[in-house]
Novice: 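Attaching a single structure in structure tokens format; questions to follow.
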Amino acid sequence: MSNPTLWVATRKGSFKVEKRGGRWQAQLAGHAGTGVNYVAREPKSGRLWALLGHGHWGAKLSVSDDGGATWRDNAAQVMFPEGARYLGQNMFEDATSDFGVRWDVVTRKASVQKLWVIAFGGDGAIWIGTIPGGLFVSRDGGASFELNRPLWNHESRGGDLFNGDGTGETKWFGTPASEGGEFAPGIHSICVDPRDPRRVLIAVSTAGVIETTDGGASWRSRNKGMSMDHTPDAEAEWGHDSHLIELCAGAPEHVWQQNHSGVFYSDNGAASWRKVSAPTQGVHFGFPVSCDARNGKRAWLVPGRGDNQRMAIDGGLFVARSDDGGQSWRKQTKGLPQEGAYDIVLRHALDNRDGLVAFGSTTGNLYLSEDSGESWSSVSHNLPPIYAVRFA
Amino acid sequence: MVQVRLTRHLFAFFPQLENRELHVEASDVAGAVRALDELAPGIAFYVCDERGRLRPHVNVFIGNNPVRDRRQLSDAVQADQTISILQALSGG
């Protein structure tokens, strides 16, 4: 079997990583100088989709039909429809407040600030998650994208703001990952069930995990068993800061989650979660998680020191792997720097396929393992800040 | 006709606009952006968001003066005036 290609999305372009002459090599393959949040290959058509964030010119969908040799803006771009509004917070200084600040809940007109993740359903649907918290779907191969209104109008976000003022209360909070600087919610995880494309799990920073089983007509929270350390009610239905969720393609009842407040695992399709952090081993905080496509009990993480630092723990970079649904973890360090390393790996910047595992850091370091993480070698130390790596 | 000048950065995405004088029929800036989009489909969504608001890091000038209305681009333009569409000096 030939080696797959690894697509690397960076702050300064898209890179293609292939094994040539016995060595994995990275080459710039488009969008030079432009922020690329995610690159993925549509399985059926082979088309490559890149989610761009031009600093000046906004979020754009870019496609390639020749393996990345040439790119063009997709004819249909992702846009919020007229009338799409959401609840946000305007913070302002107020000397009379005990905290020096107060905020107003305001209704904002929606425009796409960031294209964050793309996923492909077995029925040909193309799903895209955005900031501020919009989920878009194309059912015509990308010729048009439509906002999923049942999720946008969900009661947890304050109801239908297309046709009124809603409830005035949202339980979705923000993420600093927005490119516009606004603290708005973001959809960063989309998991389409390979057995039934009408079932989709998404995750939101900051709200939690949400599921549809009817192709997006209705949505419900899937946060049972999760806990958080940034709200008074640790087990509230909403407010969970999922950093990434991933399900096992071959056994989709197995779902993994790296969360701001620890690592969680579900063996019942996210109906309930179990916390499987191992803080004494450094397995707790981080952004990415990657699940084996056949063995639902196997997953990899790249942990970091908690939210007070967000970098490698004590200068040592390691991958943590579990083979038993998170009951135990093993540090994988061979080939990775164990001193003087201060990398952080963002949520989409870890992936695996058939024993290959790769991750990239915001310091531009790209590492790859050909033996399920037992040993690692560096592909490059000089890439731009890495946002995503995906095997294709 | 109103003349439109573009930052060279936009030519990377719309090469058909490079090395030519751009003149459009428009009575306000929004009309000029619409006309430009007919010459180069998609460019309006580079300059403005989907609500028609000027993107935060894009500046538009009429002559030497920045437009006042960044939300709807309603600033009027005369036939002999030049509109410049430039990127702000922000980046990294």
Side-chain angles (χ1 to χ4, degrees), chain A residues 10-13 30-35 50 52-63 70-86 107-115 128 130-132 134 136 144-147 162 178-182 184 362 364 384-385, chain B residues 4-18 22 24 29-62 66-74 83-92:
Chain A
T10 80
R11 183 175 162 77
K12 293 290 181 180
H31 312 116
T34 297
L52 309 184
H54 289 282
H56 296 89
W57 314 114
K60 299 287 180 290
L61 263 180
S62 179
V63 294
T70 60
W71 295 85
R72 65 183 186 280
D73 279 3
N74 193 53
Q77 290 294 321
V78 174
M79 299 181 188
F80 280 96
E82 181 72 37
R85 302 187 302 159
Y86 64 105
T107 305
R108 294 201 172 104
K109 289 182 182 178
S111 65
V112 174
Q113 295 177 27
K114 178 171 184 159
L115 302 171
I128 292 179
T130 71
I131 299 176
F136 292 81
S144 64
F145 286 89
E146 187 180 3
L147 176 69
F162 278 98
S178 154
E179 282 159 13
E182 184 190 326
T362 60
Chain B
V4 181
R5 288 183 177 159
L6 301 176
T7 168
R8 62 185 167 79
H9 291 282
L10 283 168
F11 298 141
F13 314 114
F14 303 97
Q16 67 270 42
L17 298 180
E18 194 168 11
L22 298 171
V24 298
V29 175
V33 172
R34 277 196 303 274
L36 201 57
D37 199 62
E38 289 180 15
L39 295 174
I43 196 170
F45 191 51
Y46 274 63
V47 176
C48 299
D49 70 11
E50 63 266 55
R51 298 280 75 79
R53 301 174 294 201
L54 199 56
R55 293 191 181 278
H57 300 283
V58 177
N59 288 329
V60 175
F61 296 82
I62 302 170
V67 294
R68 288 167 300 168
D69 179 5
R70 294 180 63 94
R71 289 189 166 219
Q72 296 178 320
L73 302 183
S74 63
I83 295 174
S84 301
I85 299 178
L86 305 173
Q87 83 282 6
L89 293 179
S90 51

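By convention in this document, chain letters (A, B, ...) are assigned in the order of the sequence lines, proteins followed by strands, and residues within each chain are numbered from 1. All of these numbers come straight from a predicted model, not from anything done at the bench.
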Novice: Taking every non-hydrogen pair under 4.5 Å, which of B/Tyr46, B/Phe45, B/Phe13 racks up the most with chain A?
Specialist: B/Tyr46
Novice: Please classify the contact between A/Ala59 and chain B as side chain, backbone, both or neither, with a heavy-atom cut-off of under 4.5 Å.
Specialist: backbone
Novice: With a 4.5 angstrom heavy-atom cut-off, could you sort out which part of A/Ala84 is near chain B: side chain, backbone, both or neither?
Specialist: neither
Novice: Just wondering, do A/Phe136 and A/Met79 contact through their side chains at under 4.5 Å, heavy atoms?
Specialist: no
Novice: A side-chain contact here means heavy atoms from C-beta on lying under 4.5 Å apart; do B/Val24 and B/Leu39 qualify?
Specialist: yes
Novice: Strictly distance-based, threshold 3.5 Å: is any side-chain N or O of B/Arg70 a donor or acceptor partner for the main-chain N or O of B/Val58?
Specialist: yes
Novice: Any side-chain heavy atom of B/Leu54 within less than 4.5 Å of one from B/Val47?
Specialist: yes
